[in-house]
Amino acid sequence: MSNVMTLFQKEQMEQWRSLKWIWLPVVFAILGMMQPLMMYYLPEIMGSMGGSDSGQGAALAELMGVVNAPEVMAGTLSSQFDQLGIIILIVALMGAIISEKNNGMLAFILTRPVRAWQYILAKWFSQALLMFVALGLGYFAAYYYVYLLYDGIAMAHIFAGFGIYFVWLLFLVTTVLALGIIFRSSAVVAMIGAGGAIILELVSGISGWGQIFNPAYLSANASNVIMTGDVKDYFAGNLLMSLLFIVALLIVSILLLTQKNFHIGSSHE
């Protein structure tokens, strides 16, 4: 495991040099704060745009309906993290393997006494840690403002929602790493990763047992836990399958590197 730790430390240094440990958590914190602030002040802002007619703000607030703290918190996941947040996350991680593959560093590392599984695990743990911190900062920044502007939410619901949503993002991290082995272009990885995530989110609103195989259904469950304290139907199967997908993607990534089958994306084709 010493090789894994050494490679993990190398990854951490690279993330500090690229300032990912600064800008990614800051961006997620901003996204987290946006939803409660926007929902709270939007009626007043729209009312002020109407000039002297102060009743427009109240009319808009009535049109929007009364929102409570759990709804605003859940909206942070569906309106902020599940849209712009996922795109930013994929863009931040898409070059994790591609850059080393294209400049020859990956081939060099694999000629050292380093096994493919050690390289993949070091990459995965490093990216997962960065994502965990960024998501945590944004998620609890959102809750802080929800608490200030609206009301408190049961902490058991908050932590459960965070854990469920974290598994969804962990699936995306693993997918992006696997795509980085197969393709040479970061743009292709971003397009496939973001496009696939959007499609999975769109079909997650469909009811039925097929959602067991949709990792994006975890996001819907996280929102439901925050709002009601309960999960949706088929949650246990969905969580289990999502974890199995993560393990399967890691195994496939390791096998591709073990067999040196990353020539599809190599700049030395």
(request) Going by the side chain to side chain donor-acceptor pair (under 3.5 Å) test, name the single residue among Q9, E14, Q15 that passes it with S126. (result) Q15
(request) Quick one: sort the F81 and F28 rings into parallel, tilted or perpendicular, breaks at 30° and 60°. (result) tilted
(request) Look only at the side chain of D151 and the backbone of A69, and say whether a donor-acceptor pair between them is shorter than 3.5 Å. (result) no
(request) Measure the spacing between CG of L218 and CG of L77 and express it to the nearest 0.5 Å. (result) 12.0 Å
(request) Decide yes or no for Y145 and V72: does some side-chain heavy atom of the first lie under 4.5 Å from some side-chain heavy atom of the second? (result) no
(request) Would you mind reporting whether E11 and F125 have side-chain heavy atoms less than 4.5 Å apart? (result) no
(request) Of all the heavy-atom pairs spanning L170 and M131, show the shortest one and how long it is. (result) N-CE, 3.6 Å
(request) Give the C-alpha distance, both sets of side-chain angles, the deciding distance and a yes or no for side-chain contact (heavy atoms from CB on, under 4.5 Å) between Q12 and L129. (result) CA-CA 10 Å; Q12 293 300 298; L129 177 61; 4.2 Å; yes
(request) On the 0 to 90° scale, with breaks at 30° and 60°, tag the Y150-Y40 ring pair as parallel, tilted or perpendicular. (result) perpendicular
(message) Has N214 got a side-chain atom pairing as donor or acceptor with L200's backbone, closer than 3.5 angstrom?
(response) yes
(message) Are W209 and L239 connected into the same hydrophobic cluster when the rule is that any two of I, L, V, M, F, W, Y join if their side-chain heavy atoms are below 4.5 Å apart?
(response) yes
(message) Can you give me the closest heavy-atom contact between A122 and F8, atom names plus distance?
(response) CB-N, 3.7 Å
(request) Verify whether one side chain among Y119 and E100 offers a donor that lies under 3.5 Å from an acceptor in the other. (result) yes
(request) To the nearest 0.5 Å, tell me how far I212 CD1 sits from M241 CE. (result) 8.5 Å
(message) With a 3.5 Å distance limit and no angle check, can you tell me whether Q211 reaches the backbone of Y234 through a side-chain donor-acceptor pair?
(response) no
(message) Quick check on the hydrophobic clustering: are M227 and V225 connected, directly or via other members, by side-chain heavy-atom contacts under 4.5 Å?
(response) no
(request) Provide the closest heavy-atom pair for P215 versus S242 in the form atom of the first, atom of the second, distance. (result) CA-OG, 3.5 Å
(request) Any chance you could lay out the side-chain contact (heavy atoms from CB on, under 4.5 Å) test for W124 and I246, step after step, and finish with the verdict? (result) CA-CA 11 Å; W124 187 76; I246 292 172; 4.1 Å; yes
(request) Kindly say whether I181 contributes a backbone atom to a donor-acceptor pair with the side chain of K101 at under 3.5 angstrom? (result) yes
(message) Quick one: does any side-chain atom of N102 pair with a main-chain N or O of R184 as donor and acceptor, under 3.5 Å?
(response) yes
(request) Kindly give the heavy-atom pair with the smallest separation between I153 and I226, and that separation in Å. (result) CG2-O, 4.1 Å
(request) Evaluate the ring planes of F140 and F162, with Trp represented by its six-membered ring, and classify them as parallel (under 30°), tilted (30 to 60°) or perpendicular (over 60°). (result) tilted
(request) Nearest 0.5 Å please: distance from the CG atom of L93 over to the CG atom of L89. (result) 4.5 Å
(request) Check A116 against T258 and note the closest heavy-atom contact, atom names and distance. (result) CB-OG1, 3.4 Å
(message) Closer than 3.5 angstrom, by distance alone: can the side chain of K123 be matched with the main-chain N or O of A96 as a donor-acceptor pair?
(response) yes
(request) Give the cluster check for V133 versus L19: same hydrophobic cluster or not, with ILVMFWY residues linked at side-chain heavy-atom distances below 4.5 Å. (result) yes
(request) Would you confirm whether E71, through its side chain, and N68, through its main-chain N or O, come within 3.5 Å as a donor-acceptor pair? (result) yes
(request) Give, for atom CE of M34 and atom OG of S79, the distance between the pair rounded to the nearest 0.5 Å. (result) 10.0 Å
(request) Start with the C-alpha gap between V189 and I98, add the side-chain angles, then the distance that decides, and say whether side-chain contact (heavy atoms from CB on, under 4.5 Å) holds. (result) CA-CA 9 Å; V189 171; I98 290 178; 3.4 Å; yes
(message) To the closest 0.5 Å, what do you measure between CG (N238) and CZ (F245)?
(response) 9.0 Å
(message) What I'd like to find out is whether the side chain of T175 reaches to under 4.5 Å of the side chain of I192, using heavy atoms alone.
(response) no
(request) Report yes or no: do W168 and D82 form a side-chain donor-acceptor pair below 3.5 Å? (result) yes
(request) Verify, without hydrogens or angle tests, whether K20 (side chain) and L130 (backbone) share a donor-acceptor contact under 3.5 angstrom. (result) no
(request) Quick one: closest heavy-atom pair of L31 and G85, and the distance? (result) CD1-CA, 3.6 Å
(message) With clusters defined by side-chain heavy atoms of hydrophobic residues (ILVMFWY) lying less than 4.5 Å apart, directly or transitively, does L137 cluster with I87?
(response) no
(request) With rounding to the nearest 0.5 Å, note down the distance linking CG in L121 to CE in M5. (result) 11.5 Å
(message) Given 3.5 Å as the limit, does a donor-acceptor pair link the side chain of N224 with the main chain of G229, or not?
(response) no
(request) Verify the cluster assignment for F166 and I90: are they in a single hydrophobic cluster under the rule of side-chain heavy atoms below 4.5 Å apart? (result) yes
(message) Quick one, L240 with F235, criterion side-chain contact (heavy atoms from CB on, under 4.5 Å). Give me CA distance, side-chain angles, the key distance, then yes/no.
(response) CA-CA 9 Å; L240 177 60; F235 167 71; over 6 Å; no
